[in-house]
Amino acid sequence: MDATDAATWIVLGRAGDHVVTIALDEDAQEIARATLDPAELTDWVAARETSAAPRWAWSDANAWYPQLLDAGVRVARCHDLRLCHAILRDAASVPEAPTLRAATDWDHASLVDAEPAAVPTLFDFADTTRRHPGPPLGIDEALSEFERQRAAVAASTDPARLRLLLAAESAGALIGVELRAAGLPWDAAAHNALLSDTLGPRPVAGATPARMEEVAADVRRALGDPAASLDSQQKLLRSLHRVGILVESTGKWELAEQQHPVIEPLLEYKRLARLYTANGWTWLDEWVRDGRFRPTYVPAGVVTGRWASSGGGALQLPRQLRQAVRADPGWTLVVADVAQLEPRVLAAMASDTRLADAARGRDLYAGVVDSGAVGTRAEAKIALLGAMYGATTGDSGRLLPRLRSTFPRAMALVDEAARIGDDGGIVSTWLGRTSPPPSVEWRAVQSQASDVDASGADEARARRSAKERGRFTRNFVVQGTAAEWALAWLADLRGRLAAMPPVAESAGAPRSGPVFATRPHLALFLHDEVIIHTPLALAEQVAEAAREAAASASRLLFGGFPIDFPLDLRIAETADKG
DNA sequence: TACTATCGCGCG
DNA sequence: AAAGCGCGCGATAGTA
């Protein structure tokens, strides 16, 4: 028995060439302290994870967790100081956060190097060549930041929700690292086949694929210009004007409205060129290794709390390429996505029982039609999107009064968020993530317009930027709360997957890494969708876990409010949506 | 040569 | 179909 076995928290940090661990009890009082050689750390963490299951408080999951996972050590919970700092620093529910805001070292974004060192060394602290600054790694800085954050939460007007948010955010930090470590199973041969079927055989370096050349020739023929350039927007626009196609841009939506023999081959050329440049052979060579696509996830990389990604465009995977997402032999994929997440979240936030009634069951838009607010499903969709995005014109803008009378509470919530943003105020999500304050430039524009000698143009500009900010805050509360729901869903699901029995390691290299090669694991997260890679025998159990996790997330955020979050669930060898 | 800005298009 | 939100990335064009 070791004093650290009673730890609620264990803070990790560097001190010189060593790692110091500080065990804290539930009141954050120190109960033990250890100084470790970096080489001992993985075993030490593994042992405490088993005996104490503490919440590991560290500067940044990106700095500490990849090495642990590589060594086969998974941790259940952490407190990610960097991500939590960013939330607390701006949170409106923390009335005074001056000491947090003064700790600007913690504002450094932390980026993971896309290419890890050729020979990664375990906690090689001699490596001072980090390409990105990142947050402080020292134990003293970690402990004092941890204390500042505890004080901030305690001073908050809603500490319970804030704690929930910090826990969910920290779970996201773990999951982001785990997703990269496990990777998305990717069948390079299937991807290659798609490319050669669509573009022709892989061209030699510098050459254009054969199929693109053929289509380009059709375009040039239709333009009557054998030398026309198709890759330069400016030149292409001039070519189009020369043959009487008076478009303002070369965007495909505008082109599609035109009647001319060049349009069809040109759109086809654009489609092929997009595949070739964004997800062609070069992408495959760069991003897929050993049957895995391993992007870098950036939890909370978006102001609203949504995740971003860097490298490989993980969050923009074209539908076309989903057929290359393919389970290992003996394994399968469980693909789960939430239908109409954002309007459901809005119904719950606003306690709008009429919208929640419409949301009952699979298709919220059909429910909105049944409510009588609009006539067709298509109208329901654009009306609701317009409500959440702030549409003012077009079909969407015209339908909003109908929504207002049918769902007054939901509409009042987003309208009020817009009004506050328009006025230069800040808004918060359900759990308390707060929008950034308006920029100094934005304020300058507003105050310039209220000058006595302001011109009409000044006023118009101020008005426009106020409306823009209103649309941002309108959407912030919904998008941000949806991101919170998704985090809670992921975190709960992650726990359920980890509790499932491991399977025997299959022959061949454990391409998902030592932790995930023997058990179901998350393989992709895309705002309102997850893909789980699982041994075949556990697929049904995993699907059920995804469903249960969704119900659990809904209770965690919205308590007993009767709102459904139904999942579309598929069990399949590929992630193809068909 | 190295950078930034803009467009266009993929995703939710 | 692309109005109204949030992103990343590649190509071209312009600037230093």
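Note that these values count all heavy atoms, side chains included, but never hydrogens, waters or copies made by symmetry.
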With the side chain of [X] defined as its heavy atoms from C-beta on, choose the nearest nucleotide among [options].
X        : options               : value
A:Gln316 : C:dC7, C:dA13, C:dG4  : C:dC7
A:Ser309 : C:dG8, C:dG6, C:dG4   : C:dG8
A:Ser396 : B:dC11, C:dA11, C:dA3 : C:dA3
A:Arg471 : B:dC7, C:dT12, C:dC5  : C:dC5
A:Lys252 : C:dA2, C:dG4, B:dG10  : B:dG10
A:Ser232 : B:dG12, C:dT12, B:dC7 : C:dT12

Task: Side-chain donor/acceptor of A:Arg274 to base of B:dC9, under 3.5 Å - done: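 Pair found.
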Open item on the list: Is there, by distance only and without an angle test, a donor paired with an acceptor across the side chain of A:Arg306 and the base of B:dG12 below 3.5 Å?
Closed with: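 Checked by distance alone, the answer is yes.
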Take the protein atom [atom1] of [X] and the nucleotide atom [atom2] of [N], then report the distance between them rounded to whole Å.
X        : N      : atom1 : atom2 : value
A:Glu248 : C:dA2  : CD    : P     : 13 Å
A:Tyr297 : B:dG12 : OH    : P     : 13 Å
A:Gln234 : B:dC7  : CD    : C1'   : 10 Å
A:Leu346 : C:dC5  : CG    : P     : 17 Å
A:Arg474 : C:dG6  : CZ    : P     : 13 Å
A:Leu385 : B:dG12 : CG    : C1'   : 11 Å
A:Asn279 : C:dG8  : CG    : C1'   : 12 Å
A:Leu317 : C:dC9  : CG    : C1'   : 13 Å

Please classify the nucleic acid contact of [X] as base, sugar-phosphate, or nothing, using heavy-atom distances under 4.0 Å.
X        : answer
A:Val478 : nothing
A:Ile382 : base
A:Gly312 : sugar-phosphate
A:Glu529 : nothing
A:Ala278 : nothing
A:Gly251 : sugar-phosphate
A:Glu342 : nothing

Task: Ring-face cation contact, A:Trp430 with A:Arg161, 6.0 Å cut, 45° max - done: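 A:Arg161 over A:Trp430 ring: yes.
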Task: Face-on cation placement of A:Arg469 at A:Trp442 ring, 6.0 Å and 45° thresholds - done: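 The answer is yes; both the distance and angle limits are met.
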Open item on the list: Below the 4.0 Å mark, does B:dG8 have OP1 or OP2 next to a side-chain nitrogen or oxygen of A:Thr250?
Closed with: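 Looking at the OP1 and OP2 atoms of B:dG8, one of them is under 4.0 Å from a side-chain N or O of A:Thr250.
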Open item on the list: Looking at A:Lys270, I'd like to know whether one of its side-chain N or O atoms comes within less than 4.0 Å of OP1 or OP2 on B:dG8.
Closed with: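 Indeed not, no polar side-chain atom of A:Lys270 lies that close.
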Task: Upstream residue (5' side of DNA chain C) when A:Gln479 and A:Ala378 are each assigned their closest nucleotide - done: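 Closer to the 5' end of DNA chain C: A:Ala378.
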Open item on the list: Need to verify one output field. Residue with the more 5' nearest nucleotide on DNA chain C, A:Trp283 or A:Asp395?
Closed with: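 Its nearest nucleotide being more 5', the pick is A:Asp395.
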Task: Identified salt bridge (charged side-chain N to carboxylate O under 4.0 Å, His left out) counterpart of A:Asp415 within the set A:Arg471, A:Arg409, A:Arg404 - done: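 So the option named by the test is A:Arg404.
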Open item on the list: Any strand counts, and the cut-off is 3.5 Å on both contacts for Watson-Crick or G-U wobble. Which nucleotide pairs with B:dG8?
Closed with: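 When the pairing criteria are applied, C:dC9 turns out to be the nucleotide that pairs with B:dG8.
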Any side-chain donor-acceptor pair under 3.5 Å between [X] and [Y]?
X        : Y        : value
A:Thr434 : A:Ser428 : yes
A:Tyr365 : A:Glu379 : no
A:Gln323 : A:Thr574 : no

Open item on the list: Using a strict threshold of under 4.0 Å (side-chain N to carboxylate O), is an ion pair present between A:Asp285 and A:Arg202?
Closed with: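 Answer for the salt bridge query: yes.
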TODO: Mind telling me if C:dG4 is syn or anti? Syn here is a glycosidic angle within 90° of 0.
DONE: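 Syn, since the glycosidic angle lies within 90° of 0.
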